[in-house]
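This structure is a prediction, so every number in the text was calculated from the model and none was measured. Just the heavy atoms: all of them, side chains too, but no hydrogens, waters or symmetry mates, feed the values below. Read the numbers this way: they start at 1 and go in the same order the structure lists the ligands and their atoms.
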Amino acid sequence: MMKRYYSMALGAVACASVLRAAEDGAQLYKQNCSACHGVQGEGAASGTFPPLAESAWVQGDAARAIQVLLHGLEGPIEVAGRKYNLAMPPQGAMLTDAQIAATLSYVRTQFGNAEEPVSVEEVVAAREWSKGRKDTWKAKELLEHYPLPKEVSPIESLVMEVFHGDWKVLPEFEQLESVAFEEEQDGYFSLRHIKKKDGFGIVWTGMLEVPESGNYRFELDADDGARLVVNAVEVAHVKGTGPMGKRRQVGEVALEKGKQAIRLEYFEATRDAGLSVRWSGPGIKGKQWLSERAHKGGRAPAAVIDLSPKGKEAVLYNNFIAGTTPRAIGVGYPEEVNIAFSTQHCAPEIMWRGPFINGGRHWTGRGQGFEAPMSSYSVSLAAKKAPYRYVREGEVDWSGTSEVQFVGYVLDTLRYPTFRYRVDGNEVREKVEPSVSGMKRKLEVVSPGGGKLGIVLGNGSAVQNGRVLEIDGKVVVQSPTEIVRGAEGYHTEIELKKGVNTFTLTYSWK
Ligand code: HEC
C-alpha cells in the first residue's frame with residue numbers, strides 16, 4: 001500500500017512536467033529502478049539484484065523489457081552469466097508509456113549497453129498485446145514469446161591446449177608439451193572445462209572475424225597472467241601473478257576486415273583463477289566479450305547438467321571422457337546405452353548403462369582429468385593401441401601396427417551416428433544399434449583386396465564356446481568368429497572378401 005501511494009506521487013510529478021519535450025530517462029531510472037538495479041545498472045545490494053548492465057534481457061527486441069516493466073518478472077533467470085530467482089514488482093500501472101520508453105531508452109544506451117532507443121509506439125503496442133494480463137510474468141513464459149538474443153562469438157575454430165606446470169610468469173608454451181587439447185565449441189575463452197585448481201596454463205588459438213577495417217581496442221584481465229596476440233601483434237600482456245582488477249591491460253591494434261589470427265596465452269599459479277577479454281571498435285556494439293562472462297572473476301560453481309537424451313534423439317558429446325583417448329565422441333542413446341567412441345582408435349572404448357554424462361562439471365588433465373560417465377555401470381572395451389590389425393595375405397601380425405584413420409561420422413534423422421574410418425585402405429562404416437539389452441556394432445567393410453581384419457575386443461575374463469567373451473562380469477560380447485586371447489587382450493579375426501563385407505558384434509548386459 002505504501003508503495004502504491006509513493007508511486008502515485010511520482011506519477012503526479014511526472015504529469016507536472018508533461019510539457020517537457022521528452023521524459024528524462026536518467027531521472028526516471030534513478031527514481032524507479034536504481035534502488036534495485038543499482039545507479040550504474042550493476043545490480044543493487046552487492047549484486048543480490050540482477051544487473052541491467054550488459055543484460056541480454058534489455059538487448060535485441062525491446063518488447064521483452066517492456067513486458068518486464070509492465071507486468072513484473074519472477075522465477076529463475078540468468079543475467080550476464082549469473083543466476084537469480086527473485087521477483088520484480090510490476091511498474092505498468094504507475095509509469096506512462098512515454099516514461100517506460102524513456103526509462104528503457106536510457107537503460108538500453110547506458111551501462112555498456114548499445115541498443116536502439118525505445119519509441120512510445122513500441123510501448124503502446126506492447127501494452128495492447130498483453131492487456132488483460134493480471135499475473136506477473138514467469139521468466140520461462142516470457143522467454144517463450146521473446147527469447148533472449150543469442151550471442152554469437154566472433155571467434156571461429158577456437159581450440160585450446162592445456163599445460164601443467166608451476167610458473168610465476170608466462171612460460172614459453174612452444175617449448176612445452178601439452179596434456180590436453182580441446183575445441184571450444186562456443187568460441188569463447190573459458191576456464192569452465194578446467195578442474196585443476198592451480199598450476200596450469202592454456203593457449204587458445206582461433207580466427208577472429210573483424211567486421212570492418214579500423215582500430216580495435218582489447219581489454220585483458222587475468223588471474224594470474226595472460227598475453228593476447230592478434231594478427232601476430234602483442235596487444236596486451238598482464239604480467240606476473242596476482243588478482244584481477246588493478247592489473248587489467250588495454251591495447252589497440254589496427255586490423256583489416258576479415259578473419260585475423262587470435263592467440264591467448266594464460267596461466268594460473270595459485271589461488272583464484274579468472275580471465276576476462278573484451279574488444280570494441282568499428283562495427284561492434286559497445287564492448288563485446290571474447291571470454292565467457294561467468295569468468296569475469298573467479299570460477300562459476302560446478303553444476304550438474306545431465307546431458308542424457310530427453311527424447312527420441314541421441315545426444316553427442318565431443319569432449320574429454322575418462323577411460324578413452326583425448327579425442328572421443330560420447331553418444332547417449334535414448335535406450336540408455338551410452339558409448340565413448342575413440343576417434344584415435346576408431347572404436348567404442350567405453351560402454352555404459354543409465355545416465356549419460358554430466359556436462360556441468362568438466363576437467364582436463366592426464367589420467368584423472370577427464371569427464372567420467374555418469375553411471376558406475378560402465379565397461380571398458382579399450383585396447384592399448386588401435387584395436388585393428390589388417391593383413392592382405394597370411395596371418396594377422398599382432399605385434400605390428402595398422403594405419404587407422406578416422407574419417408568422420410554421419411547422423412541419421414534421430415542423430416544416431418555412423419562412424420567412418422579406414423584401416424589400411426579398407427573403408428569401414430560402423431553403426432551402433434542400441435537396445436535395452438545392450439548394443440550391436442554393425443560394421444560394413446569395403447575391402448579393395450580382401451584379407452583378414454583383426455579386432456581387439458577388450459580385456460575379458462571368460463571365453464565360452466570360443467565366440468563369447470565376458471567383460472567385467474557386466475557385459476557379454478558375441479563375435480561371428482572365434483575369440484582368442486593374445487598379448488593385445490582378447491581379439492577376433494574376420495575374413496574379408498574383396499568388396500563389401502558386413503558383420504555384427506553383439507554386446508549384451510549380463
Ligand atoms: C523492487 C525492486 C525492483 C525494482 C524497483 C525494479 N526491478 Fe527490475 N528486477 C528486479 C528483480 C528482483 C528482477 C529479477 C526477477 C527474477 O529473478 O525473475 C528484475 C528483473 C529486471 C529485468 C530483467 C533482468 C535483467 O537484469 O535484465 C529488467 C530488464 C528489469 N528488471 C528492469 C527494470 C527497470 C527498467 C526498472 C525501473 C523501471 C526496474 N527493473 C525496477 C527488481 C526490481
Side-chain angles (χ1 to χ4, degrees), residues 1-11 13-14 22-120 122-123 126-127 130 133 135-151 286 289 293-294 296:
M1 263 309 168
M2 270 303 286
K3 190 153 190 220
R4 171 160 280 170
Y5 189 73
Y6 170 71
S7 53
M8 278 166 62
L10 261 185
V13 172
E23 294 286 348
D24 184 345
Q27 193 57 27
L28 285 163
Y29 177 81
K30 219 171 122 199
Q31 284 168 354
N32 302 312
C33 321
S34 67
C36 296
H37 291 290
V39 179
Q40 293 301 319
E42 75 280 16
S46 308
T48 306
F49 289 100
L52 301 178
E54 299 176 33
S55 161
W57 287 77
V58 302
Q59 293 165 7
D61 192 340
R64 183 188 323 100
I66 299 174
Q67 289 300 332
V68 171
L69 264 55
L70 289 174
H71 301 289
L73 182 71
E74 65 183 31
I77 59 170
E78 199 177 307
V79 185
R82 269 192 63 186
K83 296 197 164 68
Y84 303 84
N85 192 355
L86 304 163
M88 165 165 156
Q91 323 274 313
M94 63 182 196
L95 295 176
T96 64
D97 295 339
Q99 287 172 330
I100 290 178
T103 308
L104 284 177
S105 295
Y106 177 75
V107 169
R108 277 163 65 95
T109 52
Q110 296 294 310
F111 319 139
N113 297 323
E115 301 291 314
E116 296 287 308
V118 180
S119 69
V120 180
E122 277 176 277
V123 183
R127 216 189 263 273
S130 62
R133 184 177 180 92
D135 301 335
T136 300
W137 280 110
K138 299 262 183 302
K140 204 174 150 228
E141 188 189 359
L142 181 57
L143 291 182
E144 273 163 22
H145 294 292
Y146 296 107
L148 296 178
K150 209 171 148 37
E151 272 183 56
W289 287 97
R293 283 198 267 189
K296 266 193 268 189

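For the residues P51, S55, C36, the heavy atom positioned nearest atom 26 (O) of ligand 1 is part of P51. When the heavy-atom distances from atom 18 (O) of ligand 1 to G75, P89, G72 are ranked, the shortest goes to G75. Nearest-residue assignment for atom 34 (C) of ligand 1 (options G41, G25, C33; heavy-atom criterion): C33.
Between S130 and Q67, some side-chain heavy-atom pair lies under the 4.5 Å cut-off. Between V107 and H37 the shortest side-chain heavy-atom distance does not fall below 4.5 Å. The shortest side-chain heavy-atom distance between M88 and E74 does not fall under the 4.5 Å cut-off. P50 is listed as a side-chain neighbour of L86, based on a closest heavy-atom distance under 4.5 Å.
The angle M88:SD - atom 8 (Fe) of ligand 1 - H37:NE2 amounts to 180°, with values rounded to 10 degrees.
No part of Y29 comes within 4.0 Å of ligand 1, judged by heavy-atom distances. Contacts of L69 with ligand 1, taken as heavy-atom pairs under 4.0 Å, involve the side chain alone. With a heavy-atom cut-off of 4.0 Å, V79 touches ligand 1 through its side chain alone. Contact annotation: for A35 versus ligand 1, there are no heavy atoms closer than 4.0 Å. Residue-level proximity to ligand 1 for V68 is carried by the side chain, the only part with a heavy atom below 4.0 angstrom.
Ligand 1 places these atoms under 4.0 Å from at least one heavy atom of L86: 12 (C), 15 (C), 16 (C), 17 (O), 18 (O). Atom numbering of ligand 1 starts at 1 in the shown order; those under 4.0 Å from a heavy atom of E74 are 18 (O). Atom numbering of ligand 1 starts at 1 in the shown order; those under 4.0 Å from a heavy atom of N32 are 5 (C), 37 (C), 41 (C). Atoms of ligand 1 lying under 4.0 Å from any heavy atom of L52, numbered from 1 in the order shown and given with element: 25 (C), 26 (O), 27 (O), 28 (C), 29 (C), 30 (C), 32 (C). Those atoms of ligand 1 with a heavy atom of V58 less than 4.0 angstrom away are 29 (C).
Using a distance-only test at 3.5 Å, with no hydrogens or angles considered, no donor-acceptor pair links the side chain of R82 to the main chain of P51. Judged purely by atom type and a 3.5 angstrom limit, N113 has no side-chain atom pairing as donor or acceptor with the backbone of E115. Put simply, the side chain of R108 gets close to the backbone of G60: a donor and an acceptor are under 3.5 Å apart.
A 6.0 Å sphere centred on CD of E116 holds no more than 12 heavy atoms belonging to other residues, nucleotides or ligands.
Note on ligand 1: A139 sits outside its first shell, no heavy atom being nearer than 4.0 Å.
The line from NZ of K30 to CG of L28 is 11.5 Å long, rounded to the nearest 0.5 Å.
Not counting sequence neighbours, the partners of F111 by the ring pair (Phe, Tyr, Trp, His ring centres under 6.0 Å) test are Y29, Y106.
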